[in-house]
Amino acid sequence: MTVPDPTVSPRPQGEPRGPRIVALANQKGGVGKTTTTVSLGAAAAELGHRVLVVDLDPQGNASTGLGINPRGLEASMYDVLLHDVPIDDAIEAASVRNLFVAPANLDLAGAEIELVPAFSREMRLKNALATVSDDYDLVLIDCPPSLGLLTVNAFAAATEVMVPVQCEYYALEGLGQLLRNVDLVQRNLNSALRLSAIVLVMYDARTNLAQQVSSEVREHFGSVVCRTVIPRTVRLSEAPSFGQPITVFDPSSRGAVAYRDLAREFAGEPS
């Protein structure tokens, strides 16, 4: 299994920081990125952190996974990025206390093309978030499964990148390009950006492959890899269809427990 060299380093310990703005990215689809965004956000909100989930995926799965109806939106991230609508006008409260969503719908599908001629096209999200970021302790940006302008906007706005990696064959395919893009944004648009976390998801302890992937990722990336691993469970895949994060849908399930542990680890709190 070929493992790419990391091109960025974790944020130094003790470095002063404002609100944590985290882009969750992986250009591969179906790797648990949206599940991690929604579940980590809900678990962090449970801990008392004020959390904003920004849905940058035209599929809008983070929005529907938190009970937001994409057809009934007065304003969405498309309007924020393309029509200069204040992001505060798009933000909606989720059913979980302390958790808020800046939703997306299919309108966002054309944004990659429409942003090309736009003034300051890579900085649209950063400028929008600057008006509200101090209202939140944690901002989680759910990126689309691509490395286009929407993801570049997320990287330009973020302080950190979290990468969910599934414990399956070809899991690391494309990770090198993702890290190179993070490095490019770091050098040209956002010097504060760091790869702060790799999260192992869809982990099945019964298989040798999952253990092999886990050990190789940890050996290569070291302390950037979270101690907490997210198990493969049916309940995690069922929760979105009910418009609920796993912490609400099945609070005592293995998935809910794992994401609560991840939230505490990510926040630097004892588990």
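Just so it is clear, the values below take in all heavy atoms, side chains as well, and ignore hydrogens, waters and symmetry mates.
- Gln186 places a side-chain N or O within 3.5 Å of a backbone atom of Leu193 that can act as its donor or acceptor partner.
- Considering every non-hydrogen atom in both Asp55 and Ala62, the closest pair reads OD2-N, 3.5 Å.
- In this structure, CG in Leu175 is found 6.0 Å from CD1 in Ile198, a value given to the nearest 0.5 Å.
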Criterion side chain to side chain contact (heavy atoms under 4.5 Å, CB included) on Asp135 and Leu52, from CA distance to verdict | CA-CA 9 Å; Asp135 297 335; Leu52 173 64; over 6 Å; no
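- With Glu216 as the fixed residue, the side chain to side chain donor-acceptor pair (under 3.5 Å) test singles out one of Arg218, Gln212, His220: Gln212.
- Minimum interatomic distance between Glu122 and Ala156 (heavy atoms only, all atoms of both residues): O-CB, 3.4 Å.
- Residues Thr36 and Tyr259 have side chains that bring a donor and an acceptor to within less than 3.5 angstrom of each other.
- In the hydrophobic clustering of this structure, Phe249 groups with Met202; members are Ile, Leu, Val, Met, Phe, Trp, Tyr whose side-chain heavy atoms approach within less than 4.5 Å, directly or through other members.
- The distance from the CG atom of Leu108 to the CG atom of Leu115 is 8.5 Å, given to the nearest 0.5 Å.
- Shown here for Glu46 and Thr247, the closest heavy-atom pair between the two residues is OE2-CB, 3.5 Å.
- Leu262 and Leu200 end up in different hydrophobic clusters when Ile, Leu, Val, Met, Phe, Trp and Tyr side chains are linked at under 4.5 Å.
- Distance check, rounded to the nearest 0.5 Å: CD of Gln177 to CD of Gln27 gives 7.0 Å.
- Summarising the geometry, atom CZ belonging to Phe155 is positioned 10.5 Å from atom CG belonging to Asn190; distances are rounded to the nearest 0.5 Å.
- Met162 and Leu47 end up in different hydrophobic clusters when Ile, Leu, Val, Met, Phe, Trp and Tyr side chains are linked at under 4.5 Å.
- When atom types are taken as modelled, the side chain of Glu265 and the backbone of Thr228 share a donor-acceptor pair closer than 3.5 angstrom.
- The backbone N or O of Arg235 sits nowhere less than 3.5 Å from a side-chain atom of Asp250 that would complete a donor-acceptor pair.
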Side chain to side chain contact (heavy atoms under 4.5 Å, CB included) between Ser63 and Asn105, worked out = CA-CA 8 Å; Ser63 304; Asn105 55 25; over 6 Å; no
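- In summary, Asp261 and Arg264 engage in a salt bridge, as defined by a charged side-chain N under 4.0 Å from a carboxylate O.
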Give every donor-acceptor pair under 3.5 Å between a side-chain atom in residues 83-96 and any protein atom, sequence neighbours left out.
none

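- Within the model, atoms CG of Leu184 and CG of Asn181 stand 6.0 Å from one another, a figure rounded to the nearest 0.5 Å.
- Nearest heavy-atom pair across Leu125 and Ala154 is CD2-CA, 3.9 Å.
- Closest approach of Cys226 and Ala197 over heavy atoms only: SG-CB, 3.8 Å.
- When side chains are defined from C-beta on, Pro251 counts as touching Arg260, because their heavy atoms get closer than 4.5 Å.
- Pairs of residues two or more places apart, or lying in two chains, never qualify as ring-ring contact (aromatic ring centres under 6.0 Å, His included) while including a residue from residues 181-209.
- Thr233 contributes atom OG1, which lies 6.0 Å from atom CZ of Arg254 (distance to the nearest 0.5 angstrom).
- The side-chain contact (heavy atoms from CB on, under 4.5 Å) check on Ser120 picks up Met123, Asn127, with sequence neighbours excluded.
- Residues Ile246 and Ser253 form a side-chain contact, since some pair of their non-hydrogen atoms from C-beta on lies under 4.5 Å apart.
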Show me the donor-acceptor pairs within less than 3.5 Å that the side chains of residues 69-77 make with the rest of the protein, sequence neighbours left out.
from  : atom 1 : to    : atom 2 : distance (Å)
Asn69 : OD1    : Arg71 : N      : 3.0
Ser76 : OG     : Tyr78 : N      : 3.3
Ser76 : OG     : Asp79 : OD2    : 3.4

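- The side-chain heavy atoms of Leu236 and Ile230, taken from C-beta on, include a pair separated by under 4.5 Å.
- Each ring-ring contact (aromatic ring centres under 6.0 Å, His included) pair with one or both residues in residues 89-127, not counting sequence neighbours, appears once here: Phe100-Tyr136.
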Applying side chain to side chain contact (heavy atoms under 4.5 Å, CB included), run through Leu150 and Leu81 and close with a yes or a no.
-> CA-CA 9 Å; Leu150 289 174; Leu81 295 176; 3.7 Å; yes
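- Cluster membership check: Ile141 does not share its hydrophobic cluster with Val152, using side-chain heavy-atom separations under 4.5 Å among Ile, Leu, Val, Met, Phe, Trp and Tyr.
- Of all non-hydrogen atoms in Ala210 and Asp204, the two that sit nearest each other are CB-O, 3.3 Å.
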Residues Val163, Val182; criterion side chain to side chain contact (heavy atoms under 4.5 Å, CB included); working and verdict = CA-CA 11 Å; Val163 183; Val182 172; over 6 Å; no
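- Screening residues 140-158 for side-chain hydrogen bond (donor to acceptor under 3.5 Å, both in side chains) gives Lys33-Asp142, Thr34-Asp142, Thr37-Asp142 as the qualifying pairs, with residues at least two apart or on separate chains.
- In the hydrophobic clustering of ILVMFWY residues, with side-chain heavy atoms under 4.5 Å counting as a link, Val201 and Leu24 come out together.
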